[in-house]
Amino acid sequence: MTLRIPMQEQDPEKRIKNFEEVALGYSADQAVSEAKRCLHCADPGCINGCPVEVDIPDFIERIKDGSFDEAIRVVRNKNQLPAICGRVCPHENQCEKFCLLAKKGEPVAIGKLERFVADYDRQKGFKISSKPKSTGKKVAVVGSGPAGITVSADLAKLGYQVTLFEALHATGGVLVYGIPEFRLPKEIVRAEIDYIKKFGVSIKTGVIIGKTISIDELLEEFDAVFIGTGAGLPRWMDIPGEDLCGVYSANEFLTRINLMGAYLFPEYDTPIREGKKVAVIGGGNVAMDSARAALRLGADEVCILYRRTEKEMTARQEEIEHSKEEGIKFKFLTLPTKILGDEKGWVKKIECVRMELGDPDESGRRKPVIIKNSEFTIDVDTVIIAIGQSPNPLISRTTEGLQVTERGTLLVDENGMTSKEGVFAGGDIVSGAATVIESMGAGKRAARAIHEYISQK
Amino acid sequence: MVAKKAKPGQFIILRIDEKGERIPLTIADFDVQKGTITIIFQEVGKTTKRLGNLNEGDQILDFAGPLGNPIEIKRYGRVVCIGGGVGAASIYLKVKELAKARNKVISIIGARTKELLILEEELQKISDELYITTDDGSKGHHGFVTDILQKLIDERKNIDLVEAVGPVIMMKAVANVTRPHNIRTIVSLNPIMVDGTGMCGSCRVRVDGETKFTCVDGPEFDAHGVDFDHLMTRLQRYLTEEKLALVLG
């Protein structure tokens, strides 16, 4: 059996000095060769593994034939953001996990092929066949992250007049403030947003729903409202020293870099402190992103502190591998307990304890337990806390009649409708922090439900 | 759109251009009919300097708000509003609305020197009493706003609320003056912000031993619970970069 075609990447030595994209993409020949590895099995599990049910064997078949225009049409039929999903989806846990070849060795590189056709399409310049016929109905979408973009695109295609509101100055939500340039270039997010604009979606940035306009006011003007405001509230460890200078939430660290361009300071006005010895707490993609961004800012040493082991880390395999290649150090079974500062209020050290794995917890992963008298300290000048995000509370705090769960997520029924009639929600604001593709899947379901709701009204 | 929702104590976030930073500024006044928001700023860093160089009719890229929680406007009785330096801009709207709510409002504004005093005439018109202090004695009382506040407290006992906005050191001094007398004191904090919508925590402050985000939990806090020293430390985080940005223009 042939091995999968590797994708060309920037050399680690070189790439840790820039913020440019690490993976460079397939050439047309490479894509065709990789597509030829697909066995076109009778019962393709890959489709079921995809949260938005892209017809994977079909688009791969078309790549194999060299019909790239046809291939992208098949992908876009289900997925509004293929260039993004091709880059950031955890394919190894989704489509590729169910590939027949995965059982025998290496699965077809479905994600890389998706990226290839999406990039091919973008470089050619997007075309849309025809503008859909207007239903005369209006929908407001709040939040321009993956869920909001998907809802907007799906409803616009059905002929709804969609207005997409974004609180920040740039569209894309976590795709622009959270995911760094070296993993997902902002240009690609912009292009995907331009694509949905072609369907007539009107975008309003700098409008903070809940503050500038209330949900109730939206309901006066629109036939339905979708809330996709995501999980943007940083979680803290609740350990002493978290308020010291030099301690960042991953959100602040990454927002300064990604959204505000702080890595280009002083050309851009927003600054960031370039730590020399950096500790990142957490084991997900956000932790990897923070660590790799810190390295690119010029850190001498970056280590990731994680209380479980490598096996339990939630980050994508590729991100972990890339981090290792770049020289990020991993300290597993390590739990920070205190951050220590100097007399001026800046971070100096971080105190940790060692852990061992006990019995499985509710997530099915073995629960880490503290080993007694195992305290030790690490010298650091920057600490980044990347242990997760909670749902953004701005709308639930400012809207009457919206039921919220204990975790701060919005309560929805099986159709994605909140406790407020005509107000739907989906993505991280409902599920808690998850993946881009899961939010898109929620967006797709919400779009169907909104269509049904308005049609029956 | 912002003017329709603006209330005293709230702020906006603006960004001049694509490479600009997002800075929060207090809403100094607003006009719902005209749909305008008035902001008043002191040219201290790169962004405010560039803002000062703009001409009437020029446009900036982003202007979002209103953000933060407003102060509660109701009849308290006798209220003392204190504005230090450009902080006078932040108390103007509060004085106006508190006076409308039939409070007796005593305003105190202070600055280093008389040239830096702002809104004196405007505050004179809407306050029941106005006191002026300068550090150098060039106008009004030679000394600090807290000297006047202390005098007011010594003279009459019933001050129902103190609202103070200004440099951290001034707000801390005000809190220290009112604390022994148990006078409810509200301050408006000015930490470094990035998004202004509760997402990053750059603006976290310590109030009553708890961490709060100024942008969504504030910016108005009970002065007696605020850890002002901690706020001062965190305001120093980017001094080097701020100076560099100014030098490079």
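Chain naming here is simple, since letters A, B, ... match the order of the sequence lines and numbering starts at 1 in each.
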Q. What closest approach, in Å, do B:A64 and A:I208 show between heavy atoms, and which atom pair accounts for it?
A. CB-CD1, 3.8 Å
Q) Tell me, side chain or backbone of B:V216 under 4.5 Å from chain A's heavy atoms, or both, or neither? A) both
Q) Distance from B:T211 atom OG1 to A:E242 atom CD, nearest 0.5 Å? A) 7.5 Å
Q. Is the CD1 atom of B:I60 crowded by more than 12 outside heavy atoms at less than 6.0 Å?
A. yes
Q.
Would the distance check show the side chain of B:H230 and the main-chain N or O of A:D243 forming a donor-acceptor pair, the cut-off being under 3.5 Å?
A. yes
Q: Tell me, out of A:P266, A:C245, A:G210, who's got the most heavy-atom pairs with chain B below 4.5 Å.
A: A:C245
**Q.** Top contributor to chain B contacts, counting heavy-atom pairs under 4.5 Å, from A:L264, A:L259, A:T270, A:D238
**A.** A:T270
(Q) Between A:L394 and chain B, with a heavy-atom cut-off of 4.5 Å, which part of the residue counts as in contact: side chain, backbone, both or neither? (A) side chain
Q.
Nearest 0.5 angstrom please: B:Q236 CD to A:W346 CH2, how far?
A. 9.5 Å
Q.
If I measure from the heavy atoms of chain A, does B:R234 come under 4.5 Å with its side chain, its backbone, both, or neither?
A. both
Q: Check A:E252 against B:Y238 and note the closest heavy-atom contact, atom names and distance.
A: OE2-OH, 4.4 Å
**Q.** More than 12 heavy atoms of other groups within 6.0 Å of B:F144 CZ
**A.** no
(Q) B:T240 vs A:R273, test: side chain to side chain contact (heavy atoms under 4.5 Å, CB included). Steps then yes/no. (A) CA-CA 10 Å; B:T240 322; A:R273 272 284 162 131; 3.2 Å; yes
Q) Residues of residues 195-207 of chain B under 4.5 Å from chain A (heavy atom pairs)? A) B:D195, B:T197, B:G198, B:M199, B:C200, B:G201, B:S202, B:R204, B:R206
Q.
Assess, by modelled atom type and distance only, whether the side chains of A:T205 and B:D62 contain a donor and an acceptor separated by less than 3.5 Å.
A. no
Q | Contacting moiety of A:E267, where chain B heavy atoms sit under 4.5 Å | A | both
Q | Side chain / backbone / both / neither for A:E217 at chain B, heavy atoms under 4.5 Å | A | side chain
Q: Please determine if A:R397 and B:D217 form a salt bridge, counting it only when a charged side-chain N lies under 4.0 Å from a carboxylate O.
A: yes
Q: Can you tell which part of A:V207 gets under 4.5 Å to a heavy atom of chain B, answering side chain, backbone, both or neither?
A: side chain
Q: Please test B:E21 against A:Y268 for side chain to side chain contact (heavy atoms under 4.5 Å, CB included), starting from the C-alpha separation and ending with a verdict.
A: CA-CA 8 Å; B:E21 57 181 342; A:Y268 279 66; over 6 Å; no
Q. Is a salt bridge present between A:R256 and B:E241, judged by a nitrogen-to-oxygen distance below 4.0 Å?
A. no
Q.
Tell me whether the count of non-hydrogen atoms from other residues, nucleotides or ligands lying under 6.0 Å of NZ in A:K186 goes above 12.
A. yes
Q: Verify, without hydrogens or angle tests, whether A:K211 (side chain) and B:L67 (backbone) share a donor-acceptor contact under 3.5 angstrom.
A: no
Q. Counting only heavy atoms not in B:K49, do more than 12 sit closer than 6.0 Å to its NZ atom?
A. yes
**Q.** Interface residues of residues 92-100 of chain B facing chain A - non-hydrogen atoms under 4.5 Å apart
**A.** none
(Q) Tell me the closest heavy-atom pair linking A:F265 and B:L244, and the distance in Å. (A) CE2-CD2, 3.8 Å
Q | A:K276 atom NZ: more than 12 heavy-atom contacts under 6.0 Å | A | yes
Q. Can you name the closest pair of heavy atoms from A:I213 and B:K5 and give their distance?
A. CA-NZ, 3.7 Å
Q | Audit row: B:R22, A:M260, side chain to side chain contact (heavy atoms under 4.5 Å, CB included) steps and yes/no | A | CA-CA 8 Å; B:R22 292 168 68 95; A:M260 304 309 300; 3.6 Å; yes
Q: Using non-hydrogen atoms and a 4.5 Å limit, figure out which bit of A:F253 sits close to chain B: side chain, backbone, both or neither.
A: neither
Q) Do you know which of A:G261, A:P393, A:G232, A:G206 has the most heavy-atom pairs with chain B at a distance under 4.5 angstrom? A) A:G232
Q: Check the surroundings of atom NZ in A:K348: do more than 12 heavy atoms from other residues, nucleotides or ligands lie under 6.0 Å from it?
A: no
Q: Quick one: closest heavy-atom pair of A:T212 and B:G65, and the distance?
A: OG1-O, 2.8 Å
Q | Heavy-atom contact with chain A under 4.5 Å, split by part of B:I192 | A | side chain
